[in-house]
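Since the model is a prediction, treat every value here as computed from it, not as a measurement.
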Amino acid sequence: MSLETRTVRRIAKLARIGLSDQECEAMRQELSGILGWVEQLNEVDITDVPPMIGTGLAMPRLREDAVTDGDKRDAVLSNAPDSVGPYFTVPKVVE
(Lines give C-alpha, C1' and ligand atoms only; values in the text may rest on other atoms or scores of the structure.)
Protein backbone atom coordinates (compact mmCIF):
# COMPACT_ATOMS: atom_id res chain seq x y z
CA MET A 1 0.00 0.00 0.00
CA SER A 2 1.30 3.40 -0.88
CA LEU A 3 0.45 6.50 1.11
CA GLU A 4 -0.10 9.88 -0.45
CA THR A 5 1.99 12.83 0.68
CA ARG A 6 -1.22 14.54 1.81
CA THR A 7 -1.96 11.63 4.18
CA VAL A 8 1.56 11.72 5.63
CA ARG A 9 1.24 15.47 6.24
CA ARG A 10 -2.08 14.87 8.05
CA ILE A 11 -0.53 12.14 10.22
CA ALA A 12 2.39 14.46 11.02
CA LYS A 13 -0.01 17.27 11.93
CA LEU A 14 -1.99 14.98 14.24
CA ALA A 15 1.26 13.87 15.88
CA ARG A 16 2.40 17.52 16.02
CA ILE A 17 5.54 16.73 14.07
CA GLY A 18 6.92 19.31 11.68
CA LEU A 19 8.26 17.75 8.49
CA SER A 20 10.13 19.35 5.63
CA ASP A 21 9.29 18.26 2.07
CA GLN A 22 12.30 15.93 2.05
CA GLU A 23 11.42 14.44 5.44
CA CYS A 24 7.81 14.04 4.36
CA GLU A 25 8.85 11.99 1.32
CA ALA A 26 11.16 9.80 3.44
CA MET A 27 8.39 9.27 5.99
CA ARG A 28 5.93 8.43 3.18
CA GLN A 29 8.25 5.70 1.92
CA GLU A 30 8.87 4.34 5.41
CA LEU A 31 5.17 4.25 6.36
CA SER A 32 4.28 2.67 3.01
CA GLY A 33 6.83 -0.07 3.71
CA ILE A 34 5.35 -0.72 7.16
CA LEU A 35 1.85 -0.94 5.71
CA GLY A 36 3.19 -3.35 3.09
CA TRP A 37 4.40 -5.67 5.85
CA VAL A 38 0.99 -5.49 7.54
CA GLU A 39 -0.68 -6.42 4.25
CA GLN A 40 1.59 -9.47 4.04
CA LEU A 41 0.41 -10.52 7.51
CA ASN A 42 -3.19 -10.43 6.25
CA GLU A 43 -2.27 -13.07 3.67
CA VAL A 44 -1.18 -15.64 6.29
CA ASP A 45 -3.61 -18.56 6.75
CA ILE A 46 -4.49 -18.77 10.45
CA THR A 47 -7.54 -21.03 10.25
CA ASP A 48 -5.99 -23.82 12.38
CA VAL A 49 -4.07 -21.58 14.78
CA PRO A 50 -5.61 -21.49 18.26
CA PRO A 51 -5.93 -18.09 19.93
CA MET A 52 -3.20 -17.11 22.38
CA ILE A 53 -5.69 -15.77 24.92
CA GLY A 54 -6.91 -18.22 27.52
CA THR A 55 -4.41 -20.95 26.71
CA GLY A 56 -5.53 -23.02 29.65
CA LEU A 57 -2.34 -22.43 31.63
CA ALA A 58 -2.80 -22.11 35.35
CA MET A 59 -3.20 -18.56 36.55
CA PRO A 60 -0.37 -17.38 38.79
CA ARG A 61 -1.16 -17.22 42.45
CA LEU A 62 -1.87 -13.68 43.49
CA ARG A 63 -0.85 -12.42 46.86
CA GLU A 64 -3.54 -11.54 49.33
CA ASP A 65 -4.55 -7.90 49.14
CA ALA A 66 -3.56 -6.56 52.54
CA VAL A 67 -2.31 -3.22 53.85
CA THR A 68 1.34 -3.65 54.75
CA ASP A 69 2.64 -0.15 55.47
CA GLY A 70 -0.36 2.04 56.20
CA ASP A 71 -1.47 3.95 59.28
CA LYS A 72 1.53 6.32 59.23
CA ARG A 73 -0.37 9.55 58.77
CA ASP A 74 1.62 11.52 61.32
CA ALA A 75 4.95 10.36 59.88
CA VAL A 76 3.88 11.32 56.35
CA LEU A 77 2.52 14.70 57.43
CA SER A 78 5.76 15.45 59.28
CA ASN A 79 7.43 15.76 55.84
CA ALA A 80 4.95 18.39 54.65
CA PRO A 81 5.99 22.06 54.79
CA ASP A 82 2.53 22.93 56.11
CA SER A 83 -0.52 20.97 57.21
CA VAL A 84 -3.82 21.56 58.94
CA GLY A 85 -5.10 18.61 60.93
CA PRO A 86 -4.78 15.44 58.84
CA TYR A 87 -4.43 17.37 55.54
CA PHE A 88 -1.63 18.84 53.45
CA THR A 89 -2.00 22.52 52.70
CA VAL A 90 -1.05 23.83 49.27
CA PRO A 91 -0.98 27.28 47.70
CA LYS A 92 -4.20 28.50 46.11
CA VAL A 93 -4.06 27.98 42.34
CA VAL A 94 -7.55 29.14 41.33
CA GLU A 95 -8.38 32.83 41.47
Trainee: Using the salt bridge (Lys or Arg N to Asp or Glu O under 4.0 Å) rule, collect all pairs that involve residues 9-21, keeping only residues at least two apart or in two chains.
Mentor: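 For residues 9-21: Arg9-Asp21.
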Trainee: Could you give the distance from CD1 (Ile17) to SG (Cys24), rounded to the nearest 0.5 Å?
Mentor: 11.0 Å
Trainee: Please name all residues satisfying salt bridge (Lys or Arg N to Asp or Glu O under 4.0 Å) with Glu64, sequence neighbours left out, ordered by chain then number.
Mentor: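 So Glu64 forms no salt bridge (Lys or Arg N to Asp or Glu O under 4.0 Å) with any residue.
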Trainee: Please check if atom CG in Asp71 has more than 12 non-hydrogen atoms from other residues, nucleotides or ligands closer than 6.0 Å.
Mentor: no
Trainee: To the nearest 0.5 Å, what is the distance between CG on Asp74 and NZ on Lys72?
Mentor: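 So the CG of Asp74 and the NZ of Lys72 are separated by 12.0 Å.
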Trainee: State whether the number of non-hydrogen atoms from other residues, nucleotides or ligands found under 6.0 Å of Glu30 atom CD is greater than 12.
Mentor: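 Not more than 12 within 6.0 Å, no.
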Trainee: With a cutoff of under 4.5 Å between side-chain heavy atoms, which Ile, Leu, Val, Met, Phe, Trp and Tyr residues group with Val38?
Mentor: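 Noted: Val38 shares its cluster with no other residue.
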Trainee: Sequence neighbours excluded, which residues qualify as side chain to side chain donor-acceptor pair (under 3.5 Å) partners of Asp45?
Mentor: Thr47
Trainee: With Gln40, which residues qualify under side-chain contact (heavy atoms from CB on, under 4.5 Å), at least two apart?
Mentor: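 Gln40: side-chain contact (heavy atoms from CB on, under 4.5 Å) contacts with Trp37.
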Trainee: Please tabulate, for side-chain N and O atoms in residues 75-90, each donor-acceptor pair with protein atoms closer than 3.5 Å (sequence neighbours left out).
Mentor:
residue	atom	partner	partner atom	Å
Ser78	OG	Ala75	O	2.6
Asp82	OD2	Thr89	OG1	3.0
Thr89	OG1	Asp82	O	3.1

Trainee: State which residues pass side-chain contact (heavy atoms from CB on, under 4.5 Å) with Gln29; sequence neighbours excluded, sorted by chain then number.
Mentor: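 side-chain contact (heavy atoms from CB on, under 4.5 Å) check on Gln29 returns Glu25.
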Trainee: Kindly give the heavy-atom pair with the smallest separation between Glu4 and Arg28, and that separation in Å.
Mentor: C-CD, 4.1 Å
Trainee: Considering only Ile, Leu, Val, Met, Phe, Trp and Tyr, and joining two whenever side-chain heavy atoms are under 4.5 Å apart, list the other residues clustered with Val44.
Mentor: Ile46, Val49
